[in-house]
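Naming convention: chains lettered A, B, ... in sequence-line order (proteins, then strands); numbering from 1 in each chain.
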Amino acid sequence: MSAIGQRTKFSTVFLPILAWLVALVFFFPIFWMVLTSFKTDADAVKPEFLFMFTPTLENYTNMTENYDYWRFAVNSVITTVFATAFTLFVGVPSAYAMAFNPGRHTKDILMWMLSTKMLPAAAVLYPMTFLTKNFLNLFDTHFLIILVLSLINLPIVIWMLFTYFKEIPKEIIEAGKMDGVSVWGEIKDIVLPLAWGGLASTALLCFIFCWNEAYWTVRLTTTDAATLSKLIEGNRAPEGLFFGRLSAVSTAAVGPIVVLGWFCQKQLVRGLTFGAVK
Amino acid sequence: MASVTLKDVRKSYGDVSVIHDVDLTINDGEFVVFVGPSGCGKSTLLRMIAGLEDITGGDIGIGDVRVNEVAPSKRGVAMVFQTYALYPHMTVYNNMAFGLKQAKLPAGEIDSRVRAAAEVLHITEYLSRTPKALSGGQRQRVAIGRAIVREPEVFLFDEPLSNLDAALRVNTRLEIARLHQRLGTTMIYVTHDQVEAMTLADKIVVLRDGRIEQVGSPIELYDNPRNTFVAQFIGSPKMNFLDHSDLSSANAKALKIDPKAGIFGIRPEHLKPTTAAKALISAPLELVENLGEYALVHMVTESGREMIAKMDKPPKAAAGDMIHLTADAGSIHCFDADTGLRI
Ligand SMILES: Nc1ncnc2c1ncn2[C@@H]1O[C@H](COP(=O)(O)OP(=O)(O)O)[C@@H](O)[C@H]1O
Ligand SMILES: [Mg+2]
């Protein structure tokens with residue numbers, strides 16, 4: 001009796017407090033960043049002005065007028081949308097094949113794909129830069145960024161789709177075969193409608209990963225294909241520490257994705273737990 | 001309509017062989033039941049006929065056509081799955097129409113077929129619902145409807161009643177029997193339940209470990225089981241198996257029981273009470289299950305074998321009292337002790 005009572009107290013009082021604390025710790029930097037983006041660079045570094053300051057939009061107008069925010073934003077949208085679309089375009093048929101027509105080496109292929117994520121990006125930085133610049137002439141092109149973002153995310157996308165497809169009862173697929181459905185019809189009329197939630201979660205995560213990617217987008221672009229990550233990076237150092245400006249750029253860069261994430265929380269949780277939460 | 005022939009059909013998964021050289025002819029319009037314990041290969045055999053499993057060896061023919069390499073939808077078969085396997089995101093109507101749409105039938109034809117099947121199965125009012133909003137029995141009907149609308153040459157059922165409750169099972173069993181009567185189409189039905197097999201089948205195929213043990217009409221299997229496996233699988237309660245030491249030798253001789261046999265099988269319903277002097281078997285009463293209509297009398301013989309007698313009335317005896325039983329010579333089945341084969 002007392003044990004149950006303790007557990008109840010633990011879970012009704014202590015756990016929520018802990019959850020709020022953790023949430024606060026995670027949320028504070030974002031909060032601070034948004035706040036700072038409305039301060040002048042001078043105010044931004046003064047601790048006494050943490051909460052009390054005269055808000056200004058100066059950083060934002062400055063950003064759009066002098067730093068070409070919209071060009072970076074458009075590049076981000078283009079590369080992210082096309083990379084996500086291409087990743088799904090390749091990922092759906094691959095995951096379908098592995099989930100419903102597994103061969104003897106399907107497991108190995110899945111493991112191998114995951115293992116590519118273990119390769120440190122820095123290890124291939126030089127060949128990637130050298131080859132794309134000097135041989136392929138793709139450096140700083142949308143095509144290259146879309147390709148790189150797609151390839152980075154393909155393993156995780158295939159894994160996610162594979163697990164979602166696996167949840168579809170085998171008999172339903174077989175019923176489709178008895179009904180004489182074509183392969184394309186099977187994907188379109190049976191698999192995708194049944195894995196719709198999973199597909200949406202996967203697309204969303206892929207979108208977010210593409211949007212946030214910084215390692216390659218910063219290093220493989222200069223101007224033409226530069227994304228918002230590059231804009232933040234570019235505002236980081238050269239003229240000293242301009243916290244107000246940097247915060248405004250960062251806020252404008254992560255803003256869209258935070259809003260998107262907020263509206264799709266449910267899908268995201270399901271996506272990140274590979275469908276374990278229902 | 002079509003016959004189905006299996007010739008030396010084999011199936012293995014890697015090194016594991018699960019179907020061994022099955023030969024079987026199913027006549028046009030016949031209702032055939034594959035029966036056997038769980039894991040004996042019934043579903044595998046059915047799925048090979050459906051085209052959902054590759055055939056490792058041998059030939060399967062439907063009508064005059066060898067179908068080994070023919071796609072499932074082109075074999076003229078329709079299947080009802082154990083789990084129903086309805087498309088959860090489609091309405092009942094579309095579940096039934098889906099196959100016809102794939103076959104590119106004209107819309108009018110599809111509509112009339114779906115509505116006719118729905119009428120027969122009493123699911124017309126649910127046509128616009130999704131399977132989620134249906135009870136188990138209704139889902140089962142939709143699954144059958146989906147098979148009917150395709151107007152197949154052969155119906156395949158894989159344990160279609162196993163997810164229904166007892167009362168519904170009896171009802172649906174009857175409806176499947178009616179369906180067969182009305183359509184006259186060849187049907188192959190898989191079950192582990194011998195009652196379903198006995199009540200539905202024109203022909204029963206008893207399977208064990210991927211081999212056919214016996215093929216025959218229900219009554220043939222009941223009267224003349226080929227071996228002890230079939231004998232104890234068909235009929236409920238199970239046939240009693242006894243050995244020499246359980247029988248009174250004088251009365252056994254009087255009944256002209258084959259002295260070479262090592263195992264004697266007598267069905268519970270064929271045991272009759274008698275006097276101590278005329279008893280073939282005498283055993284102490286263990287307990288009585290009285291079902292009103294009849295009573296099941298449980299005993300344990302001297303050699304430790306459990307046996308059951310089915311009697312019209314419970315005996316007037318207490319636990320431990322001797323029960324004296326006999327049977328007609330014709331209803332005593334003799335089997336070889338080593339091979340289990342009928343003598
Ligand atoms: N995909 C598979 N891989 C390996 N063994 C299988 C597979 N499917 C079925 N089996 C084996 O084949 C045997 C027959 O299975 P099944 O036809 O489902 O039996 P039943 O329907 O009579 O219960 C079983 O021993 C089962 O373990
Ligand atoms: Mg089975």
Using modelled atom types and a 3.5 Å cut-off, is there a donor and acceptor pairing between side-chain atoms of B:Arg150 and backbone atoms of A:Met178? yes
What part of [X] gets within 4.5 angstrom of chain A, counting heavy atoms only: side chain, backbone, both, or neither?
| X | answer |
| --- | --- |
| B:Leu86 | backbone |
| B:Ala50 | both |
| B:Arg47 | side chain |

Which one wins on heavy-atom pair count under 4.5 Å against chain B: A:Ala175, A:Pro193, A:Gly180, A:Pro169? A:Ala175
Let me confirm one number: the [atom1]-[atom2] distance from [X] to [Y], rounded to the nearest 0.5 Å.
| X | Y | atom1 | atom2 | value |
| --- | --- | --- | --- | --- |
| B:Met79 | A:Glu171 | CE | CD | 8.5 Å |
| A:Asp189 | B:Gln102 | CG | CD | 6.5 Å |
| A:Asp179 | B:Met96 | CG | CE | 12.0 Å |
| B:Tyr84 | A:Ile172 | OH | CD1 | 13.5 Å |

For a 4.5 angstrom cut-off between non-hydrogen side-chain atoms, does B:Phe98 reach A:Val181? yes
Can you establish whether the number of heavy atoms outside [X] located under 6.0 Å from its atom [atom1] is more than 12?
| X | atom1 | value |
| --- | --- | --- |
| A:Asp108 | CG | yes |
| B:Lys74 | NZ | no |
| B:Glu119 | CD | no |
| B:Asp54 | CG | no |

Residue, of B:Arg146, B:Met90, B:Gln82, that accumulates the most heavy atom pairs under 4.5 Å with chain A: B:Arg146
